[in-house]
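The structure appears below as structure tokens.
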Protein chains: 2
Amino acid sequence: MATIYDVARHADVSVATVSRVLNGGSVDPVLARRVTQAVAALRYRPNLVARNLRTRRTRLWAVIIADVRNPFFTDMVRGIEDVASAEGYSVVLCNSDEDETKEADYIDVALAERMAGVILSPSSSRTEHVDSLVSAGCPVVLVDRELDGVRADAVLADNEQGAYVATRHLVEQGFERIACVTGPEEYSTAAQRLSGYRAALIEAGRDVDESLVRFADFREPGGRAAMESFLECPQRPDAVFSANNLMTLGVLRCLADHGLSVPDEVGVVGFDDLPWAELVRPTVTTVGRSTYDEGRVAAEALVRRIADPNAEPERKVLPTRLKVRESSVRTSTER
Amino acid sequence: MATIYDVARHADVSVATVSRVLNGGSVDPVLARRVTQAVAALRYRPNLVARNLRTRRTRLWAVIIADVRNPFFTDMVRGIEDVASAEGYSVVLCNSDEDETKEADYIDVALAERMAGVILSPSSSRTEHVDSLVSAGCPVVLVDRELDGVRADAVLADNEQGAYVATRHLVEQGFERIACVTGPEEYSTAAQRLSGYRAALIEAGRDVDESLVRFADFREPGGRAAMESFLECPQRPDAVFSANNLMTLGVLRCLADHGLSVPDEVGVVGFDDLPWAELVRPTVTTVGRSTYDEGRVAAEALVRRIADPNAEPERKVLPTRLKVRESSVRTSTER
DNA sequence: TTGTAGGCGTTATCAG
DNA sequence: CTGATAACGCCTACAA
């Protein structure tokens with residue numbers, strides 16, 4: 001593979017001149033043309049590794065997400081990519097798979113490869129890995145999930161409000177025993193969505209029955225298992241609020257397996273959109289959010305952070321919107 | 001950020017010794033311990049950019065996929081990641097978004113960053129970008145889609161066979177006018193699946209009506225539009241074979257919008273699994289494949305290719321399996 | 001076993 | 001404007 005020296009020799013100029021035409025310094029048009037031709041002739045491509053070493057920076061962002069199979073994250077990535085590409089960065093996606101160890105590994109790579117910035121949706125409540133990014137001076141933006149005590153920008157959904165509205169909707173529909181399947185207790189999203197659920201029940205003058213709450217794993221099998229366990233209760237719930245899309249899928253599967261009709265026997269509302277929410281019968285009521293925008297806003301925050309490493313961290317909360325569909329609406333003759 | 005020189009000074013040894021304890025050379029235990037302590041004290045992390053430059057290699061794989069929002073690709077990535085991590089590589093995911101330009105950009109990055117290898121599902125039939133990888137000596141494995149005239153390993157599904165079985169199934173179910181929505185004409189997968197569809201019709205003694213074939217884009221809106229156009233035909237089809245998962249989603253949406261019942265008015269079979277195939281009513285008949293294995297096999301091929309850059313390229317074809325569900329099965333009293 | 005020194009491919013500084 | 005040359009941080013002969 002040709003180096004800048006080969007090009008210089010071929011064009012009969014110095015490496016400095018080659019570097020200048022490559023990076024836009026001022027250089028005699030005649031020499032510039034010779035260089036350009038040599039570059040083409042030798043199929044020369046600058047070695048970014050060397051350039052990165054010399055300039056001590058990179059044009060790469062690491063986006064470390066908790067689950068590539070979750071449409072929420074992949075949709076969000078689109079928003080990130082668009083901003084990144086407009087700003088001249090390339091995005092590499094890393095899938096931590098809700099695994100703290102993998103997350104730590106990718107953070108190490110991002111740090112060791114001196115990536116220009118990191119957008120992270122943490123897969124653990126341990127702050128040490130993120131702290132290592134922050135303290136190393138690597139620009140980092142948290143997305144979707146926040147971390148207590150970490151001085152970093154964060155872009156989040158209005159989890160509590162979204163869960164509150166969803167639960168209140170179930171109350172208004174006349175459901176009596178409303179259960180909640182939330183995520184791992186240590187995740188901010190799980191806690192906030194649970195908290196919104198509780199707030200709605202309390203506001204309605206109901207007492208919060210802790211036996212109707214499950215902490216699952218934000219994945220499909222977890223949602224399914226949680227629903228399964230509800231069905232074994234002596235007093236089975238007549239409605240469920242599920243705190244993310246994948247678990248909603250599991251809840252619906254479980255209900256289908258048991259031949260329970262939705263919403264007549266069990267009403268369902270899920271946090272996060274589902275690409276197929278309107279295809280399922282019944283269609284699924286969801287708490288939607290502007291996923292693409294969450295990505296875009298996070299990317300813009302990263303751009304700002306890179307430009308000004310010492311700026312005060314910002315915490316941006318984006319609104320959610322309840323999309324009422326069939327799974328939560330009782331037919332009027334019911335009850 | 002500390003360098004290897006800082007560590008050497010702190011431990012009162014030479015940089016060579018530090019390097020040796022870091023990379024496993026033989027070194028006096030006493031010195032080794034001093035080094036380890038210095039590393040910890042200074043929070044030293046080797047600069048991979050410098051290491052990569054010096055060793056002229058990387059422990060990074062680029063996985064360039066055509067669509068992060070397609071569950072097929074993200075599932076496949078899991079298979080790749082597992083092998084990569086076992087072999088000591090890190091995987092960075094790049095989303096070309098079915099866009100030839102983005103794909104070219106990511107290929108450039110992979111090349112310029114001197115990544116150890118690339119797994120690619122091409123977003124175009126142009127071979128020049130892939131050729132630039134191959135001719136630069138970068139190990140590359142094609143996955144899902146193959147490219148004519150490119151000397152690279154490829155891991156594929158048995159597209160023709162899968163499409164053939166799917167279509168034959170529709171024939172056997174008594175559907176008369178079976179349509180096909182395939183992908184962009186230049187993609188091997190689109191062509192092979194169309195070819196399997198045709199083969200089944202011909203075998204059944206039917207003539208292939210080209211007005212029942214659409215070349216869409218492998219995305220949801222494309223599938224929807226294609227189905228829409230079928231419905232405007234004077235002789236509307238009574239069944240559809242859709243050549244990928246996202247387009248199947250679009251087809252189903254279109255059918256639902258028009259209030260057409262599946263499978264009684266229109267039978268549906270889709271290539272690729274759908275995570276929610278069994279949740280939709282009716283459940284969806286699909287041509288499933290072992291997605292995780294495709295990723296695993298591709299990764300293993302890459303490992304082999306890295307070990308032996310001059311090995312003869314291999315072309316691996318993995319089987320598919322028809323999963324018959326409700327969307328393609330006519331009730332016996334029908335017709 | 002240990003240390004010295006050269007070089008990986010660029011960019012940046014400084015004379016000319 | 002152009003061209004030598006010194007870093008960037010690390011690994012690795014080679015010599016001790």
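Atoms considered below: every heavy atom in the structure, side chains included; atoms not considered: hydrogens, waters and symmetry mates. Lettering of chains follows the sequences in order, A, B, ..., and the numbering in each one begins at 1.
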Write down the atom of Ala116(B), the atom of Thr58(B), and the distance for their closest heavy-atom approach. CB-O, 3.2 Å
Can you tell me if Arg34(B) uses its side chain to pair, donor with acceptor, with the backbone of Ala11(B) under 3.5 Å? yes
Between Arg114(B) (side chain only) and Leu111(B) (backbone N and O only), is there a donor and an acceptor less than 3.5 Å apart? yes
Whether Ser26(A) contacts dC1(D) is assessed here as follows: a side-chain N or O lying under 4.0 Å from the phosphate OP1 or OP2. Is that the case? yes
Quickly work out the [X] [atom1] to [N] [atom2] distance and round it to whole Å.
X        : N      : atom1 : atom2 : result
Asp12(A) : dA4(D) : CG    : P     : 10 Å
Leu31(A) : dG3(D) : CG    : P     : 6 Å
Asp28(B) : dG3(C) : CG    : C1'   : 14 Å

Atom CG of Asp308(B): over 12 foreign heavy atoms under 6.0 Å: yes
Do Asp75(B) and Arg78(B) meet the salt-bridge criterion of a basic N to acidic O distance under 4.0 Å? no
Heavy atoms under 4.0 Å is the rule here; annotate nucleotides 8-16 of chain D 5' to 3' with B where the base is hit, S where only the sugar-phosphate is, and - elsewhere. BBBBBB---
Going by heavy atoms in the side chains, are Val92(A) and Glu113(B) under 4.5 Å from each other? no
